[in-house]
Amino acid sequence: MPIPSRTEIKQQLIQILKDRGTLKTDRVYEILSTQWNLTEAEKTAKRSGGSLFENEIRWARQELAMAGIIDRPANSGRAFWRLANVATVPPEQYDEEIGSYDEGSIKRISVNGYERSKKARDACLKAYGYRCMVCQFDFEKVYGEAGKNCIHVHHLVEISAIGKKYRINPLKDLIPICPNCHYLAHRRKPAYTVAEMQDMLTANNLLKPTPLCGAT
(Lines give C-alpha, C1' and ligand atoms only; values in the text may rest on other atoms or scores of the structure.)
Protein backbone atom coordinates (compact mmCIF):
# COMPACT_ATOMS: atom_id res chain seq x y z
CA MET A 1 0.00 0.00 0.00
CA PRO A 2 1.44 3.43 -0.87
CA ILE A 3 2.13 5.96 1.88
CA PRO A 4 -0.97 8.17 2.39
CA SER A 5 -1.03 11.87 1.64
CA ARG A 6 0.24 14.34 4.22
CA THR A 7 -3.33 15.36 5.04
CA GLU A 8 -4.34 11.74 5.66
CA ILE A 9 -1.27 11.13 7.80
CA LYS A 10 -2.10 14.13 9.98
CA GLN A 11 -5.71 12.97 10.41
CA GLN A 12 -4.58 9.45 11.35
CA LEU A 13 -1.91 10.76 13.70
CA ILE A 14 -4.39 12.94 15.58
CA GLN A 15 -6.80 10.01 15.95
CA ILE A 16 -4.08 7.65 17.19
CA LEU A 17 -2.91 10.10 19.86
CA LYS A 18 -6.50 10.86 20.84
CA ASP A 19 -7.26 7.15 21.26
CA ARG A 20 -3.99 6.04 22.86
CA GLY A 21 -2.60 9.09 24.63
CA THR A 22 1.14 9.84 24.75
CA LEU A 23 3.25 7.51 22.59
CA LYS A 24 6.93 7.01 21.94
CA THR A 25 8.25 7.77 18.46
CA ASP A 26 8.99 4.14 17.56
CA ARG A 27 5.49 3.11 18.61
CA VAL A 28 3.95 5.76 16.35
CA TYR A 29 5.96 4.45 13.40
CA GLU A 30 4.97 0.88 14.24
CA ILE A 31 1.25 1.66 14.47
CA LEU A 32 1.13 3.63 11.22
CA SER A 33 3.27 1.20 9.20
CA THR A 34 0.95 -1.63 10.31
CA GLN A 35 -2.12 0.46 9.57
CA TRP A 36 -0.80 1.15 6.07
CA ASN A 37 0.25 -2.49 5.49
CA LEU A 38 3.70 -1.37 4.37
CA THR A 39 5.98 -3.98 2.86
CA GLU A 40 9.59 -4.33 4.01
CA ALA A 41 10.68 -2.59 0.82
CA GLU A 42 8.41 0.37 1.59
CA LYS A 43 9.64 0.50 5.17
CA THR A 44 13.29 0.58 4.10
CA ALA A 45 12.90 3.03 1.20
CA LYS A 46 15.21 6.02 1.73
CA ARG A 47 14.99 9.73 1.04
CA SER A 48 17.67 12.24 2.01
CA GLY A 49 19.48 9.52 3.92
CA GLY A 50 16.50 8.65 6.12
CA SER A 51 13.48 6.37 6.04
CA LEU A 52 10.91 7.76 3.61
CA PHE A 53 7.83 6.70 5.58
CA GLU A 54 9.31 7.90 8.89
CA ASN A 55 10.19 11.25 7.34
CA GLU A 56 6.61 11.67 6.11
CA ILE A 57 5.30 11.04 9.61
CA ARG A 58 7.81 13.45 11.17
CA TRP A 59 6.88 16.17 8.69
CA ALA A 60 3.20 15.62 9.49
CA ARG A 61 4.03 15.95 13.19
CA GLN A 62 5.95 19.15 12.54
CA GLU A 63 3.01 20.72 10.70
CA LEU A 64 0.62 19.69 13.49
CA ALA A 65 3.03 21.09 16.09
CA MET A 66 3.23 24.39 14.22
CA ALA A 67 -0.57 24.48 14.21
CA GLY A 68 -0.62 23.90 17.98
CA ILE A 69 -2.38 20.54 17.69
CA ILE A 70 0.53 18.30 18.75
CA ASP A 71 2.98 19.28 21.49
CA ARG A 72 6.39 20.38 20.31
CA PRO A 73 9.26 18.06 21.37
CA ALA A 74 10.50 20.75 23.75
CA ASN A 75 7.28 20.27 25.75
CA SER A 76 6.48 16.59 25.33
CA GLY A 77 10.06 15.30 25.28
CA ARG A 78 12.02 14.40 22.16
CA ALA A 79 10.95 10.75 22.14
CA PHE A 80 7.28 11.34 23.05
CA TRP A 81 4.29 12.40 20.96
CA ARG A 82 1.08 13.76 22.44
CA LEU A 83 -1.77 16.12 21.62
CA ALA A 84 -1.21 19.68 22.80
CA ASN A 85 -4.57 19.89 24.59
CA VAL A 86 -4.11 17.90 27.81
CA ALA A 87 -7.91 17.65 28.09
CA THR A 88 -7.82 15.06 25.31
CA VAL A 89 -5.87 12.64 27.51
CA PRO A 90 -8.21 9.83 28.52
CA PRO A 91 -9.19 10.02 32.21
CA GLU A 92 -7.88 6.52 32.85
CA GLN A 93 -4.37 7.81 32.12
CA TYR A 94 -4.43 10.73 34.55
CA ASP A 95 -2.77 8.69 37.30
CA GLU A 96 -0.15 7.29 34.91
CA GLU A 97 2.00 10.44 34.88
CA ILE A 98 5.61 9.82 35.89
CA GLY A 99 6.95 13.37 35.81
CA SER A 100 7.01 15.92 38.62
CA TYR A 101 7.91 19.57 38.25
CA ASP A 102 10.36 21.62 40.28
CA GLU A 103 11.16 25.23 39.36
CA GLY A 104 10.28 24.64 35.70
CA SER A 105 12.46 21.56 35.20
CA ILE A 106 11.30 17.96 34.99
CA LYS A 107 12.43 15.35 37.46
CA ARG A 108 11.87 11.90 35.97
CA ILE A 109 10.76 9.16 38.32
CA SER A 110 10.80 5.43 37.48
CA VAL A 111 7.65 3.56 38.45
CA ASN A 112 6.14 0.18 37.76
CA GLY A 113 3.43 0.30 35.12
CA TYR A 114 0.28 -1.79 35.30
CA GLU A 115 -1.98 -2.17 32.29
CA ARG A 116 -5.41 -0.60 32.50
CA SER A 117 -8.13 -2.33 30.49
CA LYS A 118 -10.20 0.12 28.44
CA LYS A 119 -12.86 -2.57 27.89
CA ALA A 120 -13.20 -3.00 31.65
CA ARG A 121 -13.44 0.76 32.13
CA ASP A 122 -16.13 1.04 29.46
CA ALA A 123 -18.11 -1.83 31.00
CA CYS A 124 -17.93 -0.16 34.42
CA LEU A 125 -19.24 3.14 33.06
CA LYS A 126 -21.96 1.43 31.06
CA ALA A 127 -23.21 -0.20 34.26
CA TYR A 128 -22.86 2.71 36.69
CA GLY A 129 -22.86 5.86 34.55
CA TYR A 130 -20.69 8.94 35.01
CA ARG A 131 -21.72 10.07 38.50
CA CYS A 132 -19.16 9.74 41.31
CA MET A 133 -20.13 6.76 43.45
CA VAL A 134 -18.62 8.40 46.52
CA CYS A 135 -19.98 11.97 46.58
CA GLN A 136 -22.54 11.73 43.72
CA PHE A 137 -20.91 14.60 41.78
CA ASP A 138 -22.13 14.70 38.17
CA PHE A 139 -19.88 16.62 35.74
CA GLU A 140 -22.50 16.97 33.01
CA LYS A 141 -25.15 18.22 35.45
CA VAL A 142 -22.77 20.90 36.77
CA TYR A 143 -20.83 21.87 33.63
CA GLY A 144 -23.27 20.97 30.88
CA GLU A 145 -21.98 19.60 27.56
CA ALA A 146 -18.35 20.30 28.52
CA GLY A 147 -18.69 17.86 31.41
CA LYS A 148 -20.27 15.04 29.43
CA ASN A 149 -18.58 11.64 29.97
CA CYS A 150 -16.02 13.14 32.40
CA ILE A 151 -15.12 10.84 35.30
CA HIS A 152 -12.25 8.79 36.66
CA VAL A 153 -12.50 5.03 37.20
CA HIS A 154 -11.12 3.74 40.49
CA HIS A 155 -9.76 0.24 41.14
CA LEU A 156 -11.17 -0.91 44.47
CA VAL A 157 -8.15 -3.21 44.78
CA GLU A 158 -5.05 -1.35 43.62
CA ILE A 159 -3.31 -3.04 40.71
CA SER A 160 0.08 -2.12 42.15
CA ALA A 161 -0.80 -4.03 45.32
CA ILE A 162 -1.57 -7.18 43.35
CA GLY A 163 1.64 -7.09 41.32
CA LYS A 164 0.52 -9.52 38.66
CA LYS A 165 -1.91 -9.83 35.79
CA TYR A 166 -5.45 -10.60 36.88
CA ARG A 167 -8.95 -10.66 35.41
CA ILE A 168 -10.97 -7.58 36.32
CA ASN A 169 -14.66 -7.82 37.12
CA PRO A 170 -15.85 -4.35 35.98
CA LEU A 171 -18.91 -4.44 38.25
CA LYS A 172 -17.10 -5.52 41.42
CA ASP A 173 -13.56 -4.19 40.99
CA LEU A 174 -14.18 -0.78 39.41
CA ILE A 175 -16.28 2.28 40.21
CA PRO A 176 -16.70 5.74 38.63
CA ILE A 177 -15.22 8.35 40.93
CA CYS A 178 -14.61 12.10 40.64
CA PRO A 179 -11.02 13.45 40.69
CA ASN A 180 -11.42 14.95 44.19
CA CYS A 181 -12.53 11.66 45.72
CA HIS A 182 -9.93 9.77 43.69
CA TYR A 183 -7.20 12.02 45.06
CA LEU A 184 -8.39 11.51 48.62
CA ALA A 185 -8.72 7.74 48.18
CA HIS A 186 -5.03 7.46 47.34
CA ARG A 187 -3.78 9.70 50.11
CA ARG A 188 -3.50 6.52 52.15
CA LYS A 189 -2.08 3.10 51.41
CA PRO A 190 -4.09 0.98 51.32
CA ALA A 191 -6.52 3.43 49.74
CA TYR A 192 -9.53 4.68 51.67
CA THR A 193 -12.62 2.60 50.93
CA VAL A 194 -15.83 4.03 49.48
CA ALA A 195 -17.58 3.46 52.80
CA GLU A 196 -14.86 5.32 54.72
CA MET A 197 -15.03 8.33 52.40
CA GLN A 198 -18.83 8.39 52.50
CA ASP A 199 -18.65 8.33 56.30
CA MET A 200 -16.42 11.42 56.16
CA LEU A 201 -18.95 13.24 54.00
CA THR A 202 -21.91 12.11 56.07
CA ALA A 203 -20.20 13.26 59.28
CA ASN A 204 -20.02 16.76 57.78
CA ASN A 205 -23.63 16.66 56.54
CA LEU A 206 -22.45 16.65 52.93
CA LEU A 207 -23.95 13.36 51.81
CA LYS A 208 -26.87 11.05 52.22
CA PRO A 209 -25.00 7.91 51.14
CA THR A 210 -26.34 5.48 48.57
CA PRO A 211 -24.09 2.43 49.14
CA LEU A 212 -22.82 0.60 46.07
CA CYS A 213 -23.03 -3.17 46.20
CA GLY A 214 -19.50 -4.55 46.55
CA ALA A 215 -17.83 -1.14 46.91
CA THR A 216 -16.66 -1.29 50.51
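It should be emphasised that the depicted structure is a prediction, and the values quoted were computed from it without experimental measurement.
Atom CD of Glu30 has more than 12 neighbouring heavy atoms from other residues, nucleotides or ligands inside a 6.0 Å radius. Within 6.0 Å of NZ in Lys43 there are more than 12 heavy atoms belonging to other residues, nucleotides or ligands.
Between the side chain of Asn75 and the main chain of Asp71, no donor-acceptor pair closer than 3.5 Å is present. In this structure a side-chain-to-backbone donor-acceptor pair under 3.5 Å is present from Tyr128 to Leu171. Of the possible polar contacts, none joining the Glu54 side chain to the Ser51 backbone as a donor-acceptor pair under 3.5 Å is found. Side-chain N or O atoms of Glu63 include none that pairs as donor or acceptor with a backbone N or O of Lys10 at under 3.5 Å. The backbone N or O of Glu56 sits nowhere less than 3.5 Å from a side-chain atom of Arg61 that would complete a donor-acceptor pair.
Counting heavy atoms from C-beta outward, Ile177 and Val153 have side chains that stay 4.5 Å or more apart. Residues Pro176 and Cys132 fail the side-chain proximity criterion, which asks for heavy atoms closer than 4.5 Å. Looking at Tyr29 and Lys24, their side chains never come closer than 4.5 Å, going by heavy atoms from C-beta outward. Taking 4.5 Å as the limit, some side-chain heavy atom of Ile31 sits within range of a side-chain heavy atom of Leu23. A heavy-atom distance below 4.5 Å is not found between the side chains of Leu83 and Thr22. Contact of the Leu184 side chain with the Met197 side chain is registered, since non-hydrogen atoms from C-beta on lie closer than 4.5 Å. Under the 4.5 Å side-chain criterion, counting only non-hydrogen atoms from C-beta, Val28 is not in contact with Ile16. Between Arg6 and Trp59 the shortest side-chain heavy-atom distance falls below 4.5 Å.
Atom CD of Gln35 and atom CD1 of Ile9 lie 11.0 Å apart (nearest 0.5 Å). Taken from NZ in Lys141 to CZ in Arg131, the straight-line distance is 6.0 Å, to the nearest 0.5 Å. Interatomic distance, Ile14 CD1 to Ile69 CD1, rounded to the nearest 0.5 Å: 4.5 Å. We find the CG-NE2 distance between Asn180 and His152 to be 9.5 Å, quoted to the nearest 0.5 Å. For the atom pair CD1 (Ile3) and CG (Leu52), the distance works out to 4.0 Å, reported to the nearest 0.5 Å. Rounding to the nearest 0.5 Å gives a distance of 9.5 Å between CD of Gln136 and SG of Cys181.
Hydrophobic clustering, with ILVMFWY side chains joined whenever heavy atoms are under 4.5 angstrom apart, keeps Tyr183 apart from Val134. Neither Met66 nor Phe80 shares a network with the other; the hydrophobic side chains, linked directly or stepwise wherever heavy atoms of I, L, V, M, F, W or Y lie under 4.5 Å apart, form separate groups for each.
Nearest heavy atoms, Gly68 versus Ala84: O-CB, 3.2 Å.
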Is there a side-chain contact (heavy atoms from CB on, under 4.5 Å) between His154 and Met133 once you walk through the steps? CA-CA 10 Å; His154 174 58; Met133 298 306 295; over 6 Å; no
Run Ile151 and Asp138 through side-chain contact (heavy atoms from CB on, under 4.5 Å) and show every step you take. CA-CA 8 Å; Ile151 198 72; Asp138 187 321; over 6 Å; no
Verdict with supporting geometry, Lys148 and Tyr130, side-chain contact (heavy atoms from CB on, under 4.5 Å): CA-CA 8 Å; Lys148 187 175 182 179; Tyr130 290 82; over 6 Å; no
Given Leu174 and Leu156, is the side-chain contact (heavy atoms from CB on, under 4.5 Å) satisfied, shown in steps? CA-CA 6 Å; Leu174 305 176; Leu156 294 171; over 6 Å; no
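For the ring-ring contact (aromatic ring centres under 6.0 Å, His included) test, residues two or more places apart in sequence or in another chain that qualify with Phe139 are Phe137.
Ion pairing of Glu196 with Arg188 is present here, as a side-chain N (NZ or NE/NH1/NH2) and a carboxylate O approach within less than 4.0 Å.
A side-chain donor-acceptor contact under 3.5 Å links Gln12 and Trp36. There is a side-chain donor-acceptor pair under 3.5 Å between Thr25 and Trp81.
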